[in-house]
Amino acid sequence: MAIGVEAPKKLLRILCLHGYKQNAVAFRSKTAVLRKSLKDIAEFIYVDAPHMVDESKGSSSWWRASKDGKEYRGWEQTLDYLRNVFETQGPFDGVIGFSQGAVLASLICSISSLNNDNYNYNEDSNNSCFQIKFALLFSGFQSRATAHQSLYPQSSSPSSTSAISSTLKNGENSGCECCSVTQFEMEQTTTPSSSSQQQQQPQQPQQPQQHSPPSPTSLSLTSSTSTTPTTSFYPLAKINTPSLHVWGKADELVAASNCESLSHQFSNPECYVHEFGHLIPTSKTDIQIYHNFLAKFLKDCGLE
């Protein structure tokens, strides 16, 4: 290297997972302020979901929910697709997910936590590539799919204290799979105006209450030191991936209680509640909160 020339600054590499009926280009555009405001510490990598929803618009999804919400059709293909993303475009220090993408990000966090504790998710596949150090989950909620319940310390059963049910203010079903048992999750992300951002008075991140230890659910997990199933429930008390959970009080698609319930699945989650709806807020105050969260991992990732 030439004398007097500084080495390129190393940045956190963050995989960005868009919401339902979006794509990488749209999500990149909607997060432009976020990306530019954090360019001093992070690089954002956007990928398209593998399942096309509307070819004319180029919109896609990570899965399609069954009518009762218990099956996420396309999950196995999505996992295979992301495995290739991690192997060919990784490693990634963390993930950002929005709505359906945040559900997916929570599952990646869970698998990563299992890898860190020498457990394998799905003994028939190699998921060791899923290793992340943090996650930012915007308008996220716990998957209702039966196949995913063993990836959460607490199952999202109908009798759970965080019942998953909500409707729009006009009484119509939102169609969001976290709020009802309809087939399609319907999302529309908007960007708040600069004036509304300036009027925003966001709360400071708070620590939610911790839930009791998990109860057994379905599916099997295997230890990496054994080829036989060792447990039929999530073997950790909590998902131990550091996380920041962000949701809006005025969100009509994902109920705030569902976002908070997801945060309870994580160990020591940080939570930030804003005044808007189904979107990623990017006022100066919002950006500072994201920056403060991410800055903690610069040293952990060897970037300081």
Side-chain angles (χ1 to χ4, degrees), residues 14-24 26-28 30-31 34-35 44-49 51 60-65 69 72 74-75 78-79 82 85 92 94-113 130 132-145 148 151-152 156 162 164 166 174 176-179 184-190 205 208 239 241-249 251-266 269-274 276-282 286 289-290 293-294:
I14 302 177
L15 178 64
C16 302
L17 306 174
H18 62 75
Y20 182 72
K21 288 189 176 180
Q22 293 185 353
N23 56 40
F27 195 39
R28 179 181 174 85
K30 291 179 181 296
T31 55
L34 175 74
R35 187 177 69 254
F44 298 87
I45 297 89
Y46 297 80
V47 294
D48 291 313
H51 306 291
S60 57
S61 69
W62 300 105
W63 51 69
R64 303 292 283 272
Y72 283 4
W75 156 246
T78 288
L79 190 62
L82 284 180
V85 169
F92 302 105
V95 295
I96 284 179
F98 174 72
S99 199
Q100 191 187 70
V103 182
L104 177 57
S106 75
L107 298 173
I108 294 175
C109 289
S110 179
I111 297 174
S112 176
S113 295
F130 295 111
I132 57 173
K133 299 179 178 67
F134 60 84
L136 291 86
L137 309 178
F138 294 89
S139 299
F141 52 93
Q142 183 176 339
S143 167
R144 298 178 64 246
H148 293 158
L151 285 173
Y152 293 108
S156 63
S162 57
I164 303 178
S166 178
S174 70
C176 180
E177 62 194 27
C178 70
C179 298
F184 305 121
E185 178 184 14
M186 297 167 55
E187 300 174 359
Q188 183 176 5
T189 306
T190 57
I239 298 172
T241 304
S243 57
L244 173 62
H245 302 256
V246 183
W247 65 85
K249 290 182 179 180
D251 195 329
E252 294 182 324
L253 289 178
V254 181
S257 59
N258 294 336
C259 298
E260 184 175 4
S261 294
L262 176 62
S263 73
H264 292 175
Q265 303 288 347
F266 287 73
E270 294 185 37
C271 298
Y272 173 54
V273 184
H274 57 83
F276 298 107
H278 200 61
L279 51 80
I280 297 177
T282 54
D286 304 324
I289 288 175
Y290 310 149
F293 176 77
L294 293 173

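Starting from 1, each residue takes its place in the sequence as its number. Here the structure is a predicted model, which is why all the values come from computation and not from measurement.
At least one donor-acceptor pair closer than 3.5 Å links the side chain of S112 to the backbone N or O of I132. Using modelled atom types, one side-chain atom of S60 and one backbone atom of Q22 make a donor-acceptor pair closer than 3.5 Å. Between the side chain of H274 and the backbone N or O of P281 there is no donor-acceptor pair closer than 3.5 Å. Using modelled atom types, one side-chain atom of H18 and one backbone atom of A49 make a donor-acceptor pair closer than 3.5 Å. Judged purely by atom type and a 3.5 angstrom limit, Q100 uses its side chain to pair as donor or acceptor with the backbone of W62. The main-chain N or O of L137 is never found under 3.5 Å from a side-chain atom of W247 such that the two would form a donor-acceptor pair. The main-chain N or O of H148 is never found under 3.5 Å from a side-chain atom of S143 such that the two would form a donor-acceptor pair.
Summarising the geometry of A24 relative to D48, their closest heavy-atom pair is N-OD1, 2.7 Å, with the distance given to 0.1 Å. Closest heavy-atom contact between A102 and G140: CB-CA, 3.5 Å. The two residues R28 and R35 make their nearest non-hydrogen contact at O-NH1, 2.8 Å. Of all non-hydrogen atoms in C271 and L244, the two that sit nearest each other are N-CD1, 4.3 Å. Of all heavy-atom pairs spanning Y20 and W63, the tightest one is CE1-O, 4.3 Å. Heavy atoms only, all atoms of each residue included: C109 and F266 are closest at CB-CE2, 3.7 Å.
Side chains of F293 and F134 form a contact here, defined as non-hydrogen atoms less than 4.5 Å apart. T31 places none of its side-chain heavy atoms less than 4.5 Å from the side chain of F98. Counting only heavy atoms from C-beta outward, the side chains of V85 and I45 never approach each other to under 4.5 Å. Residues C259 and H245 are not in side-chain contact: their nearest non-hydrogen atoms beyond the backbone lie 4.5 Å or more apart. Looking at L79 and F130, their side chains come closer than 4.5 Å, going by heavy atoms from C-beta outward.
Counting only N and O atoms by type, the side chains of Y72 and T78 include no donor and acceptor under 3.5 Å apart.
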Yes or no on side chain to side chain contact (heavy atoms under 4.5 Å, CB included) for L262 and S106, after CA distance, side-chain angles and deciding distance?
-> CA-CA 8 Å; L262 176 62; S106 75; 3.9 Å; yes
Just do the side chain to side chain donor-acceptor pair (under 3.5 Å) check on S113 and T241 with the steps written out, would you?
-> CA-CA 6 Å; S113 295; T241 304; 3.1 Å; yes
Step-by-step side chain to side chain contact (heavy atoms under 4.5 Å, CB included) determination, L294 to I14 = CA-CA 10 Å; L294 293 173; I14 302 177; 4.0 Å; yes
Take L104 and W75 through the side chain to side chain contact (heavy atoms under 4.5 Å, CB included) test and state the conclusion after the steps.
-> CA-CA 9 Å; L104 177 57; W75 156 246; 3.7 Å; yes
N23 and Y46: CA distance, side-chain angles, deciding distance, side chain to side chain contact (heavy atoms under 4.5 Å, CB included) verdict = CA-CA 9 Å; N23 56 40; Y46 297 80; over 6 Å; no
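Rounding to the nearest 0.5 Å gives a distance of 9.5 Å between CZ of R144 and CG of N258. The CD1 atom of I111 sits 10.0 Å away from the CD1 atom of I239 when rounded to the nearest 0.5 Å. Summarising the geometry, atom OH belonging to Y290 is positioned 9.0 Å from atom CD1 belonging to I96; distances are rounded to the nearest 0.5 Å. If you take CD on Q265 and CD on Q142, they are separated by 4.5 Å, rounding to the nearest 0.5 Å.
When each of L253, D251, V246, V103 is checked for a side-chain contact (heavy atoms from CB on, under 4.5 Å) with S139, only D251 meets the rule.
Taking the centre of each ring, F44 and F27 stay at or above the 6.0 Å mark.
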